[in-house]
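Each remark here refers to the structure printed beneath this line.
Source: prediction; values computed, not measured. Both ligands and their constituent atoms are indexed starting at 1 by order of listing.
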Amino acid sequence: MPDGLPPRQTLRSAAALRAAGLIPPEAEPAAARIATRYAIALTPTIAALIDPADPADPIARQYLPDPAELATAPWETADPTADAPFTPTKGVVHRYPDRALLKPLLTCPVYCRFCFRRESVGQATGHLTDAELDTALDWFAAHPQIREAILTGGDPLILSPRRLAHILARLSALPHLDIIRIHSRVPVADPTRITDALTAALDTPKPLYLCIHANHAREFTPPETATALRRLAHTATLLGQSVLLRGVNDSTEALEALFRAMLRHRVKPYYLHQLDPAPGTARFLVPVDEGRAILRALRGRVSGLAWPVYVQETPDGGGKRPLGPAWE
Ligand SMILES: *Cc1c(COP(=O)(O)O)cnc(C)c1O
Ligand code: SF4
C-alpha cells in the first residue's frame with residue numbers, strides 16, 4: 001500500500017480504489033463503468049498485499065478491474081460451466097450422481113476478475129430466502145443417492161455463524177450424507193472472518209472438507225491468514241483449488257511456490273482449474289498445452305502431496321475432465 005496504511009474497510013468502488021492509491025486517477029472513470037456491470041471488492045488483507053508500484057502485480061491482476069472486461073471474446077459464455085440446466089431447484093446444482101452443490105448466497109469477500117460465475121455473483125438477488133433455503137435443503141433430504149453436499153456460491157463463509165450452523169445441522173442430520181464440503185476464498189481473502197464463532201459453527205458431526213481458493217503464494221503470507229488456516233485445520237480437512245491464470249501463476253516457479261505455501265499452511269492442493277471462458281476474461285487464458293508443460297516441469301520437483309489434478313470444465317455440462325499431462 002502506498003502510504004503504509006492499509007485500508008480498514010473493503011474497497012468497493014472505483015473511487016475507493018483511487019483513494020487507496022491502487023489505481024491512478026485517470027483509470028477511475030473506466031473502473032467506475034466496469035463496476036456497474038461486475039462488482040468490485042478488495043478486503044483490507046488483499047489490498048495490503050498489492051504493490052501499486054508493480055504494474056504486473058499478481059495480486060492486483062486478480063482483483064482490480066480492467067477495461068478488457070467489457071470485451072467478450074467469441075468463445076466466452078455467460079454460464080461456462082452450464083449450471084443452469086442442472087438446477088433442480090433454486091440454489092442447487094446436481095450434475096454428478098452422488099454429489100450436489102448448494103449455493104446459499106452469491107456474495108463473495110472479494111470479486112475475482114476471472115470468476116466463472118461473474119454474471120451471477122455480487123448481485124443482490126443471490127441470497128436464498130429462508131423459504132428457498134428450506135426447499136433446497138428438502139431437495140437434499142429427498143435424494144438419498146446424494147452422499148456429499150458441497151456448499152459454494154458466492155462464498156458460504158460469508159454467512160453468519162448462526163445461519164451456517166443451521167445449514168450444516170440440517171445437512172448433518174441426513175443419514176445418507178457421508179461428507180460435507182465447503183468451497184471458500186474467505187481464509188485467504190478475509191481471514192479475520194474466521195472467528196471462534198465461525199469455527200464453532202463448522203464443527204459438524206459429518207466430516208467437513210474445506211476447499212480453499214488461492215492462486216498465488218503471496219496470498220498465504222499475512223499472519224492472520226496463517227492463524228485462520230491453523231484454526232480451520234482443527235475442524236476440517238483443508239484442500240486447495242487454484243485457477244491457472246496468465247500473469248498470476250503461469251510458470252513452474254509460481255505454481256511451485258503456491259503449492260508449497262499451501263502445504264506449509266496445512267492445505268493439500270486438490271484442483272488446478274483451466275480458466276472457464278466467462279465473459280471478459282481472455283487476458284487470463286493460458287492454453288492447455290502450456291498448462292501441461294508447466295505442470296510436467298513441476299513433477300519430481302515437489303512432494304507428491306503438492307500435486308493437484310489439472311481439470312477443465314466441459315462446456316456442455318459434462319463436468320470436470322482431467323487434462324493430464326500424460327506420461328508416456
Ligand atoms: C465441480 C463440481 C462438483 C465437485 O466435483 P469434484 O470433482 O467432486 O470436486 C460437484 N458438482 C458440480 C455441479 C460441480 O461443478
Ligand atoms: S471468490 Fe470464487 S465465486 Fe467469488 S468472485 Fe472469486 S472466483 Fe468468483
Side-chain angles (χ1 to χ4, degrees), residues 10 12 38-43 45-46 59 61-65 69 79-88 91-123 126 139-140 143 145-158 178-190 193 209-216 219 237 239-245 248 268-276 278-281 284 308-323:
T10 295
R12 297 190 182 275
Y38 300 115
I40 293 172
L42 282 82
T43 57
T45 298
I46 290 297
I59 308 299
R61 192 166 163 83
Q62 294 183 64
Y63 302 107
L64 292 182
E69 289 177 46
D79 182 18
T81 59
D83 283 356
F86 294 88
T87 298
V92 175
V93 184
H94 182 212
R95 196 194 316 273
Y96 301 107
D98 70 329
R99 55 207 192 277
L101 309 183
L102 171 60
K103 299 191 283 187
L105 78 176
L106 292 172
T107 309
C108 298
V110 285
Y111 289 104
C112 312
R113 309 326 292 175
F114 51 84
C115 175
F116 67 115
R117 293 207 180 107
R118 64 193 329 240
E119 299 293 340
S120 57
V121 295
Q123 315 218 339
W139 183 91
F140 279 85
H143 288 79
Q145 71 271 36
I146 301 296
R147 293 165 163 244
E148 178 178 4
I150 304 171
L151 271 63
T152 178
D155 199 314
L157 296 191
I158 290 285
D178 291 335
I179 59 175
I180 300 172
R181 196 195 318 178
I182 298 179
H183 282 249
S184 176
R185 206 151 173 40
V186 163
V188 293
D190 204 1
R193 278 183 185 268
Y209 288 78
L210 181 57
C211 193
I212 295 162
H213 173 190
N215 304 312
H216 193 273
E219 289 174 313
T237 300
L239 303 170
Q241 64 167 342
S242 312
V243 185
L244 183 61
L245 298 168
V248 176
K268 156 78 187 98
Y270 173 53
Y271 275 151
L272 175 67
H273 294 272
Q274 177 66 13
L275 182 76
D276 291 317
T281 61
F284 290 109
V309 182
Y310 181 33
V311 290
Q312 179 168 40
E313 205 71 50
T314 46
D316 56 358
K320 292 173 191 63
R321 181 166 69 99
L323 292 173

Legend entry - Closest approach of any protein heavy atom to atom 8 (Fe) of ligand 2, naming residue and atom: Cys115 SG, 2.3 Å
Inset, instruction - Determine whether the side chain, the backbone, both or neither of His273 has a heavy atom under 4.0 Å from any heavy atom of ligand 1. - result: neither
Inset, instruction - Would you mind listing which atoms of ligand 1 come within a distance below 4.0 Å of any non-hydrogen atom of Arg99? - result: 4 (C), 5 (O), 6 (P), 7 (O), 8 (O)
Legend entry - Expected output: side-chain Thr314 to main-chain Asp316 donor-acceptor under 3.5 Å: no
Legend entry - Side-chain donor/acceptor of Asp155 to backbone N/O of Arg185, under 3.5 Å: yes
Inset, instruction - Select one of side chain, backbone, both or neither to describe which atoms of His213 lie under 4.0 Å from any atom of ligand 2, heavy atoms only. - result: side chain
Legend entry - Identity and distance of the protein heavy atom lying nearest atom 9 (O) of ligand 1: Tyr270 OH, 2.6 Å
Inset, instruction - Look only at the side chain of Gln62 and the backbone of Ile59, and say whether a donor-acceptor pair between them is shorter than 3.5 Å. - result: no
Inset, instruction - State, without any angle test, whether Tyr310 and Gln274 hold a side-chain donor-acceptor pair at a distance under 3.5 Å. - result: yes
Legend entry - Plane angle bin for Tyr271 and His273 - parallel if under 30°, tilted between 30 and 60°, otherwise perpendicular: perpendicular
Legend entry - N or O contact, Asp83 vs ligand 1, cut-off under 3.5 Å: no
Legend entry - Sub-4.0 Å atoms of ligand 1 with respect to non-hydrogen atoms of Val93: 13 (C)
Inset, instruction - Answer yes or no: is there an ion pair linking Asp276 with Arg117, defined by an N-O contact shorter than 4.0 Å? - result: no
Inset, instruction - Answer yes or no: is there a donor N or O on one side and an acceptor on the other, between the side chain of Thr152 and the main chain of Lys103, under 3.5 Å? - result: no
Legend entry - Donor-acceptor contact present, side-chain Arg321 to main-chain Glu313, <3.5 Å: no
Legend entry - Protein heavy-atom partner closest to atom 7 (O) of ligand 1 - residue, atom, separation in Å: Tyr271 OH, 2.5 Å
Inset, instruction - Looking only at protein heavy atoms, identify the closest one to atom 6 (Fe) of ligand 2 and say how far it is in Å. - result: Cys112 SG, 2.4 Å
Inset, instruction - Please indicate whether any nitrogen or oxygen in Glu148 is less than 3.5 Å from any nitrogen or oxygen in ligand 1. - result: no
Legend entry - Closest protein heavy atom (residue, atom, distance) for atom 4 (C) of ligand 1: Ile150 CD1, 3.7 Å
Inset, instruction - Using 2.8 Å as a strict upper limit, say whether an N, O or S atom of Cys108 approaches atom 4 (Fe) of ligand 2 that closely. - result: yes
Legend entry - Nearest neighbour in protein (non-hydrogen) for atom 14 (C) of ligand 1: Lys320 NZ, 3.2 Å
Inset, instruction - Spell out, as yes or no, whether a donor-acceptor pair under 3.5 Å connects the side chain of His94 to the backbone of Tyr96. - result: yes
Inset, instruction - List the closest protein heavy-atom neighbour of atom 1 (S) of ligand 2: residue, atom name, distance to the nearest 0.1 Å. - result: Arg185 CD, 3.4 Å
Inset, instruction - Without swapping roles, check the side chain of Asp190 against the backbone of Thr43 for a donor-acceptor pair under 3.5 Å. - result: no
Inset, instruction - Go through ligand 1 atom by atom and flag the ones less than 4.0 Å from a non-hydrogen atom of Leu101. - result: 10 (C), 11 (N), 12 (C), 13 (C)
